[in-house]
S.K.: 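Here's a structure for you.
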2 protein chains.
Amino acid sequence: MPESHRPDIRKLDLFSEMSDENFQSLMHASYLQTFPPQIELITEGDSSDFLHVVVDGSVELFARWNNRETSVAIIRPISTFILAATLRDAPNLMSARTLEKSRVVLIPSEDVRRIFDADNNFARAIVCELASGYRASIKKTKDLKLRTSLERLANYLLRQQTREGGGAEFELQTEKKRLASYLNMTPENLSRAFKSLKPYGVEVDGSKITITKQSDLENFARPSPLIDDKTV
Amino acid sequence: MPESHRPDIRKLDLFSEMSDENFQSLMHASYLQTFPPQIELITEGDSSDFLHVVVDGSVELFARWNNRETSVAIIRPISTFILAATLRDAPNLMSARTLEKSRVVLIPSEDVRRIFDADNNFARAIVCELASGYRASIKKTKDLKLRTSLERLANYLLRQQTREGGGAEFELQTEKKRLASYLNMTPENLSRAFKSLKPYGVEVDGSKITITKQSDLENFARPSPLIDDKTV
DNA sequence: TGCTGCGATTGATAAATGTCAAACCTTCGT
DNA sequence: ACGAAGGTTTGACATTTATCAATCGCAGCA
């Protein structure tokens, strides 16, 4: 793998504390690949041969069952995905496709497991990462089970607002079709949900959202750190 | 903590490979406590002071938001819970209550973290356990998002049948009220769902289920290893 | 034995969500 | 500039799921 992205990857929590030697060894065995949009990188059920790192573009994780499909996450630079499958040497539970032209570093799972055994700092970082991912997944379950679709949308908007810097005006950064699937609703339902949030000060213009009555929206959404916070 | 349960706990994947010394050290710092039914052991948001091991009875993990409540998991002997919060030293995301008179071993989180650092085999086991839990949670998300409540019930019955040994006749082992919450439906809806499964050979008598047309039910449920299998 | 309380069921109704079809709009490539 | 493709919105309608109220039935207990 070329050198160019190494410093960025090295900065990830997952890799920042490991020894130089082990990091170089991981990188040495990896590939940097560029993919066009809409390429299915992983199909669920496949064995997990590589830990993936998105360094450019974006990748959607999704799942299929019985001819239905749902969006589970959208991975943006710089982050890894399918760490759990890699470590357990188990089949991937989700499929992955590029949403746009993307660059992905592929680290052979075998090397990840080998260096996990050799490098205590790396092992510690892996545990942190896994625990975080696990907790994020629990939060998603709570969001799904405890909230109506309207409430999920309202809270999503507040989270997205925060991610985008906190201003009253921000971009969705996701197609509405995909957002609908992510929030477990149909595009039609999402469209109507936006209208239902208008009384709470949500203005929609294409992918631009403006929140004109912040406290009204928060009052309706009732965000909870135990569901909506990234870090907790 | 008294000695009596140690051999059983030692057999758990999480503890079976660690050094004797470290295991004894963990146990030495732990408490065995007996709780009556319906005691709230943990309230979500609390800091995670102990890793819990249910050695007798059963414990429900559930979550609250906005005056609603949902059942997330039921823990039966012998298993641990809230490992992720313990490791991250983060607040618990779920509450826990005993369903019946139960005995629980409480291992101080601090000791778990300390010995994680000291014992590579324990660290490895923790990673396995976390990765498993993470994957189980992803499967739950897929189940929730991709299936209707009727399909969730049908697949639940097939899983429960397997857990109970695979015979045509088996017990639910859970109040229907709780099962409904676990499957994200109301008790009324669950009751009707059972009736809707009658054409597929599901007979209900109290908590006893008899599956008279196995292949019909499987045909309807379409279980997938990537959602329903324990081990994958 | 007969209460009592609570879970389970049933029926009627309401609310939430999905489906289908059509129209609209934006983007993109020729 | 034009047309095609596909995402978005809207309306009408169907289905799923929840809510409310009443009843049933069983387990625990005086």
Side-chain angles (χ1 to χ4, degrees), chain A residues 36-38 58 60 62 65-71 74 97 99-101 143-156 171-199 202-209 220, chain B residues 36-38 60 62 65-71 74 97 99-101 143-157 171-199 202-209 220:
Chain A
Q38 302 300 330
S58 55
E60 179 185 27
F62 64 101
W65 178 78
N66 211 15
N67 217 19
R68 293 167 216 167
E69 184 179 311
T70 190
S71 185
I74 292 174
R97 72 162 75 89
L99 292 178
E100 48 192 313
K101 188 174 179 226
D143 187 50
L144 274 171
K145 291 187 75 175
L146 288 165
R147 290 171 171 165
T148 65
S149 62
L150 200 57
E151 290 162 345
R152 285 198 296 279
L153 174 59
N155 281 290
Y156 178 87
E171 292 288 321
L172 280 181
Q173 309 287 14
T174 313
E175 276 181 311
K176 287 182 184 153
K177 187 191 173 188
R178 235 167 281 282
L179 175 58
S181 177
Y182 177 78
L183 294 173
N184 207 28
M185 50 210 288
T186 57
E188 295 95 325
N189 196 8
L190 175 62
S191 185
R192 288 173 186 127
F194 273 123
K195 290 205 165 160
S196 307
L197 289 181
K198 194 162 185 185
V202 175
E203 310 278 343
V204 184
D205 175 18
S207 68
K208 194 185 78 184
I209 307 291
F220 171 74
Chain B
Q38 303 299 330
E60 178 184 26
F62 64 100
W65 179 79
N66 212 14
N67 217 19
R68 292 167 218 168
E69 184 179 311
T70 190
S71 183
I74 292 174
R97 71 162 74 91
L99 292 179
E100 46 192 314
K101 189 175 176 224
D143 187 51
L144 273 171
K145 292 186 75 174
L146 289 165
R147 291 171 171 163
T148 65
S149 61
L150 199 57
E151 290 163 344
R152 285 199 296 279
L153 174 58
N155 280 291
Y156 178 87
L157 290 177
E171 292 288 321
L172 280 182
Q173 309 288 13
T174 313
E175 276 181 311
K176 287 182 183 154
K177 187 191 173 189
R178 235 168 283 281
L179 175 58
S181 177
Y182 178 78
L183 294 173
N184 207 27
M185 51 210 287
T186 57
E188 295 95 325
N189 195 10
L190 175 63
S191 186
R192 290 171 184 127
F194 273 122
K195 291 206 162 160
S196 306
L197 289 180
K198 195 163 186 187
V202 175
E203 310 278 343
V204 184
D205 175 18
S207 67
K208 194 185 78 185
I209 306 291
F220 171 75

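Side-chain atoms are counted along with the backbone in the values below, which use heavy atoms only and exclude waters and symmetry mates. Each chain gets a letter, A, B and so on, in the order its sequence line appears, and its residues count up from 1.
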S.K.: B:Asn184 CG to C:dT17 P: how many Å, rounded?
M.R.: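 Nearest whole value for this atom pair: 11 Å.
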S.K.: Between A:Lys195 and D:dT9, does any side-chain N or O lie under 4.0 Å from OP1 or OP2?
M.R.: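 No, A:Lys195 has no side-chain N/O under 4.0 Å of OP1/OP2 on D:dT9.
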S.K.: How close or far is atom C1' of C:dT10 from atom CZ of B:Phe194, stated in whole angstroms?
M.R.: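 About 16 Å, once rounded to whole Å.
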S.K.: Between B:Glu60 and B:Lys177, does any side-chain N to carboxylate O distance fall below 4.0 Å?
M.R.: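 Salt bridge flag = no for B:Lys177 with B:Glu60.
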S.K.: Please report, rounded to the nearest Å, how far the P atom of C:dA8 is from the CD1 atom of B:Ile209.
M.R.: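 Atom CD1 in B:Ile209 sits about 12 Å away from atom P in C:dA8.
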S.K.: How many Å lie between CG on A:Leu146 and P on D:dA18, as a whole number?
M.R.: 13 Å
S.K.: Can you check whether B:Ile74 reaches B:Gln173 side chain to side chain, under 4.5 Å on heavy atoms?
M.R.: no
S.K.: What is the separation between atom NZ on A:Lys198 and atom P on D:dT9, rounded to the nearest whole Å?
M.R.: 13 Å
S.K.: Would you state whether a donor and an acceptor, one from the side chain of A:Arg178 and one from the base of D:dG7, lie under 3.5 Å apart?
M.R.: no
S.K.: Counting heavy atoms from C-beta on, name the nucleotide in D:dT10, C:dT17, D:dT17 closest to the side chain of B:Asn189.
M.R.: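 Nearest nucleotide to the side chain: D:dT17.
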S.K.: Just how far, in rounded Å, is C1' of D:dT8 from CG of A:Leu179?
M.R.: 13 Å
S.K.: Do B:Leu150 and B:Phe220 come close enough that some side-chain heavy atom pair is under 4.5 Å?
M.R.: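 Yes - at least one pair of side-chain heavy atoms lies under 4.5 Å apart.
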S.K.: Heavy atoms from C-beta onward define the side chain here; which of C:dT9, D:dT17, C:dT17 lies closest to that of B:Ser149?
M.R.: D:dT17
S.K.: Can you tell me the distance, in whole Å, between the CZ atom of B:Arg68 and the P atom of C:dA16?
M.R.: 10 Å
S.K.: Where the side chain of A:Lys176 is concerned, which of C:dT9, D:dT17, D:dT8 is the nearest nucleotide?
M.R.: D:dT8
S.K.: If you measure from NZ on B:Lys145 to CZ on A:Arg68, what distance do you get to the nearest 0.5 Å?
M.R.: 14.0 Å
S.K.: If you check the B:Thr148 side chain, which of D:dG7, D:dA18, D:dT17 turns out closest?
M.R.: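 The closest nucleotide is D:dT17.
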S.K.: Write down the distance between CD (B:Glu151) and P (C:dG18), rounded to a whole number of angstrom.
M.R.: 13 Å
S.K.: Would you name the heavy atoms of B:Ser71 and B:Phe62 that are closest together and state the gap between them?
M.R.: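 Nearest heavy atoms, B:Ser71 then B:Phe62: CA-CB, 4.1 Å.
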S.K.: Between D:dA18, C:dG18, C:dT9, spot the one nearest the side chain of B:Ser191, thanks.
M.R.: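 Nearest nucleotide to the side chain: C:dT9.
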S.K.: Ignoring the backbone of B:Glu188, work out which of D:dT9, C:dT17, D:dT19 is nearest its side chain.
M.R.: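 That would be D:dT19.
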S.K.: Would you mind classifying the nucleic acid contact of B:Glu175 as base, sugar-phosphate or nothing, using non-hydrogen atoms under 4.0 angstrom?
M.R.: sugar-phosphate
